[in-house]
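Report on one structure; see the data block that follows.
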Amino acid sequence: MQFELTANPPFSLGSVINSHGWIRLAPFDTIEGSDQFNYVIQSSNQQVVQLQISEIQNGVRVYIQEQGAVQAQDEIKTAVAWMLQLNEDYSQFYELTRREPKLSHVEEKAQGRLLRSPTLFEDTIKTILTTNTSWSGTIRMTDSLVIQFGSPLPGREGQYSFPGPHQVAISNEQTLRGETRLGYRAPFILELSRKVDSGALDLEKLKSSNLPTKELHKQLTSIRGVGNYAAAHLLMLLGHFDYLPIDSWALKMVSSEFFNGEPIQPEAVEQVFDRWGKWKGLAYWLWNWSAAGET
DNA sequence: GGTAGACCTGGACGC
DNA sequence: GCGTCCAGGTCTACC
């Protein structure tokens, strides 16, 4: 089965794929140098299928090899549109970038859309797994979580969907620490999964929330394991760019670019990008840092 | 409100 | 190969 989805122009699947590191985290899978990717998804009827997503003119083509996925077709269409932000409009931001040489590449490459997971639950778990560790650690922990708790893709050995809240919630801290090797994050992941599974926390409703960014930030930081950096990163994925995900890399880059390498505090990063208003997170994210020593 | 220490792992480094 | 040190955000206790 296959279908096509239209994107609000300009659109570049490659720019979405390369918008941040998510494409390297299971159950995303991509071929190096290619502008297409696979994603194993479990629909609400529990069927596990692999989506093969490639770019067409003004949109994407989604191919599903497994038979019988027709039932969940509408659900999958909604998921893909969310993951690739197909309906988002960045024209207002592009207008501003035309006056900034460090962002001159943004409109030309149709950048701005950030790759998302189908659920905010998955994005929140993955964001927690990026904190206080190396990128290789994030990949390892995500892989372990997917392999141990995800649902297998029929007929394809070694491929799994990202686990739903229930699949993690029925585990325990010892397993998440000892086998999944999430370390001190294990109780955070377990608590989050149990709250979402029980209905005590409705994360998915935040995807369509009209709450002001400040209130969304407050709700996200009330999740144990989600601090300022993680909340700002999640807000960016939700399309709110007025908080900056300031980590050690950000301090280093902004220091080098704007403060002659002098040690700086997070407030200095905020100050530099304040002029971008509600777009400051995106301006920071897409800034050309090559002069600051980015490799 | 601000600060210090603990949390856990992998990588770098020295022996 | 082994031991030590450090980086990476967040939480909690304390002031």
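Order of the sequence lines fixes the chain letters, A, B, ..., with proteins taken first and strands second; residue numbering starts at 1 for each chain.
Sorted pairs that involve residues 112-156 of chain A and meet ring pair (Phe, Tyr, Trp, His ring centres under 6.0 Å), not counting sequence neighbours, are lacking altogether. The list of salt bridge (Lys or Arg N to Asp or Glu O under 4.0 Å) pairs with a residue in residues 140-163 of chain A, not counting sequence neighbours, reads A/E66-A/R156.
Remark: A/Q219 pairs with A/L206, A/L211, A/E215 by the side-chain contact (heavy atoms from CB on, under 4.5 Å) rule, at least two apart or across chains. Looking at residues two or more places apart in sequence or on another chain, you find a side-chain contact (heavy atoms from CB on, under 4.5 Å) between A/S151 and A/Q42, A/V48, A/S161, A/Q167. Legend: residues meeting side chain to side chain donor-acceptor pair (under 3.5 Å) with A/N87, ordered by chain and number and at least two apart, are absent. A search for side-chain contact (heavy atoms from CB on, under 4.5 Å) contacts involving A/L235 returns A/T213, A/L216, A/H217, A/L220, A/H240, A/Y243, not counting sequence neighbours.
A/R113 has no carboxylate O lying under 4.0 Å from a charged side-chain N of A/E88, or vice versa, which leaves the two without a salt bridge. A salt bridge is absent between A/E122 and A/R116: the closest approach of a Lys/Arg side-chain nitrogen to an acidic carboxylate oxygen does not fall below 4.0 angstrom. Using a cutoff of 4.0 Å between basic side-chain nitrogens and carboxylate oxygens, A/E191 and A/R194 are not scored as salt-bridged.
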Base-contact (B) and sugar-phosphate-only (S) positions in nucleotides 2-8 of chain C, heavy-atom cut-off under 4.0 Å, - elsewhere: ------B
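Residue A/Y63 belongs to no hydrophobic cluster, having no ILVMFWY side-chain heavy atom closer than 4.5 Å to its own. A/Y184 shares a hydrophobic cluster with A/F188; the chain of contacts runs through ILVMFWY side chains whose heavy atoms sit under 4.5 Å apart.
Near DNA chain B, meaning a heavy atom under 4.0 Å from it, residues 225-238 of chain A has no residue at all.
By the 6.0 Å contact criterion, CZ on A/R24 is open, its count of non-hydrogen atoms from other residues, nucleotides or ligands being 12 or less.
Within 4.0 Å (heavy atoms only), A/I223 reaches sugar-phosphate atoms of the nucleic acid but no base atom.
On the nucleic acid side, DNA chain B contacts chain A at distances under 4.0 Å to non-hydrogen atoms, with the end points of that region at B/dC7 to B/dG11.
Between A/Y284 and A/W249, the angle of the ring planes goes over 60°, which puts this pair in the perpendicular group of the 30/60° scheme.
The separation between A/I128 atom CD1 and C/dT10 atom P is 10 Å, rounded to whole Å. In this structure, NZ of A/K252 is placed 12 Å from P of C/dG9, rounded to the nearest angstrom.
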Could I get a table of every N or O pair under 3.5 Å where one atom is in the protein and the other is in nucleotides 12-15 of chain C?
residue: C/dT12; atom: OP1; partner: A/R224; partner atom: NH1; Å: 2.8

